[in-house]
Undergrad: 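What follows is a structure written as structure tokens; I'll ask about it next.
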2 protein chains.
Amino acid sequence: MARDRKFSTDELFQLTHQLLLTYGYEGFTFSILAEQLEVSRGTLYKYYENKDELITEFMLYEMSQFMLKLKDIHAQEGFEAQTEYLIDLIFKQTTIPELIEIGRHIPNTNEKVEKNKKQLDEQRMDMYYQLESYIQLGRREQRLKKNLPTSLILGLIFQTITIPNHFNVPRSEWIEGIKEIICHGMFLQN
Amino acid sequence: MARDRKFSTDELFQLTHQLLLTYGYEGFTFSILAEQLEVSRGTLYKYYENKDELITEFMLYEMSQFMLKLKDIHAQEGFEAQTEYLIDLIFKQTTIPELIEIGRHIPNTNEKVEKNKKQLDEQRMDMYYQLESYIQLGRREQRLKKNLPTSLILGLIFQTITIPNHFNVPRSEWIEGIKEIICHGMFLQN
DNA sequence: AGTAAAAGTGACACTTGTGTCATTTTGTCG
DNA sequence: CGACAAAATGACACAAGTGTCACTTTTACT
């Protein structure tokens, strides 16, 4: 009964993603977004009360997509294979840690935003739970050193994504190097 | 022949540091800074044309302080001791990587800023050079795995600082864990 | 005590982003 | 066709940061 929208949610989220990575949370504005979408700024307010609402909505979507893939980790046989799967997955979704970091800066500007942020936290806990059982497998298989805190292991794995590759080491060599160090360290055994 | 300043460069830089970490580059304003310094905003413009000039000036200072300490790495005997020294140093200066990251977002708003940014790049290269010789020592001592790219090793060591310690693992346990993983990995040997 | 040089002030004009809303456009359905 | 509901628009009032500058205040020095 009405006319079609000039943009899809997919387009919107994709652009949001790109602009967030380019300009960061503060630099991200409805002005830029509207211009890129070739739509007036006022239009965006028809769908979201403010940028925080849009961003949290987008992040929920992004997180759920990531969680779907993460759940498949349990299809892998054994701790070593799961580790390989996890690192490869993270390097396919390289922006997740950045988005999480951005998410920490979002203020509670209205109830919807607050609700979304709570939901994001729940997803983060769910993610942690998924990975907790992966770590437990490692401990059960006696493959993991006992004294290492779980949160350190997970944090370190996730953080490897953000190491800047200034010298453009080829991607495969880079990822292999990371796996090697995380699993067996940079030192040669004697 | 004139009156004293109401604030010292030290105070200014310390506050700049704190505000940058709290609000990030975009959120850092002369308004907030002036208020905290209990000085009018106009005063700040007497010393810096804009915030980019102040921030780059501050970063140059911070980098040079860090470089001084970094140079002492060569006083350590052997690769393992140097590795220990490096990681401990980084964890004493936890904000260096964050500052470097913030530095990447600064636009060239005037010639002074441009000059400062170039100088920062040189310092970064100098830092790299210092650490390159540390890595070379590791290779010469046959302690380092041959196939690992230098930039990956250095990047990974520096990045460990930014792993969020959500569960408040005690600091010493945290740092020991990081050293352990970087040097020998998270896997038990069989 | 007088003064000049530097420090500091605050008002002004400007820019950019925000949120709102009365109005216009568009396309589908009866 | 025509009407009506959703989509889109653009102008308005507001908020916050920026950079400037004529002016005032302070104080070390003569």
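The sequence lines fix the lettering, A, B, ..., with proteins before strands; numbering per chain opens at 1.
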Undergrad: Listed by chain and number, what are the side chain to side chain donor-acceptor pair (under 3.5 Å) partners of B:T160, not counting sequence neighbours?
TA: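 Side chain to side chain donor-acceptor pair (under 3.5 Å) list for B:T160, sorted by chain: empty.
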
Undergrad: Roughly how many Å is it from NZ in A:K6 to P in C:dG27, rounded to a whole number?
TA: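 It is 11 Å, rounded to the nearest whole Å.
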
Undergrad: Can you list the residues that meet the ring pair (Phe, Tyr, Trp, His ring centres under 6.0 Å) rule with B:F58, with sequence neighbours excluded?
TA: B:F13, B:H17

Undergrad: Once side chain to side chain donor-acceptor pair (under 3.5 Å) is applied, what residue pairs with a partner in residues 84-94 of chain B remain, sequence neighbours excluded?
TA: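 Of all non-adjacent pairs touching residues 84-94 of chain B, those that pass side chain to side chain donor-acceptor pair (under 3.5 Å) are B:E84-B:K179, B:D88-B:K179.
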
Undergrad: Between A:Y47 and D:dA8, is there a side-chain N or O to OP1/OP2 distance below 4.0 Å?
TA: yes

Undergrad: Can you give one letter per nucleotide of nucleotides 10-17 of chain C, 5' to 3': B if a protein heavy atom sits under 4.0 Å from the base, S if only from the sugar-phosphate, - if neither?
TA: B------S

Undergrad: On DNA chain D, compare the nucleotides closest to B:K46 and A:K46; which residue's is nearer the 5' end?
TA: A:K46

Undergrad: Does OP1 or OP2 of D:dA7 have a side-chain N or O of A:R5 closer than 4.0 Å?
TA: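 For D:dA7, OP1 or OP2 has a side-chain N or O of A:R5 closer than 4.0 Å.
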
Undergrad: Identify, with sequence neighbours excluded, every residue that meets salt bridge (Lys or Arg N to Asp or Glu O under 4.0 Å) alongside A:E180.
TA: B:K145

Undergrad: Who are the ring pair (Phe, Tyr, Trp, His ring centres under 6.0 Å) partners of A:F91, not counting sequence neighbours?
TA: none

Undergrad: Can you work out whether B:D4 or B:K51 has the more 5'-proximal nearest nucleotide on DNA chain D?
TA: B:K51

Undergrad: Between B:E98 and B:T95, is there a donor-acceptor pair closer than 3.5 Å when you use the side chain of the first and the backbone of the second?
TA: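 Answer holds: no.
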
Undergrad: Out of D:dT26, D:dG19, C:dT9, which has the shortest distance to the side chain of B:N50?
TA: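 From the listed options, D:dG19 comes nearest.
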
Undergrad: Nearest-Å distance, CD (A:E49) to P (C:dT20)?
TA: 7 Å

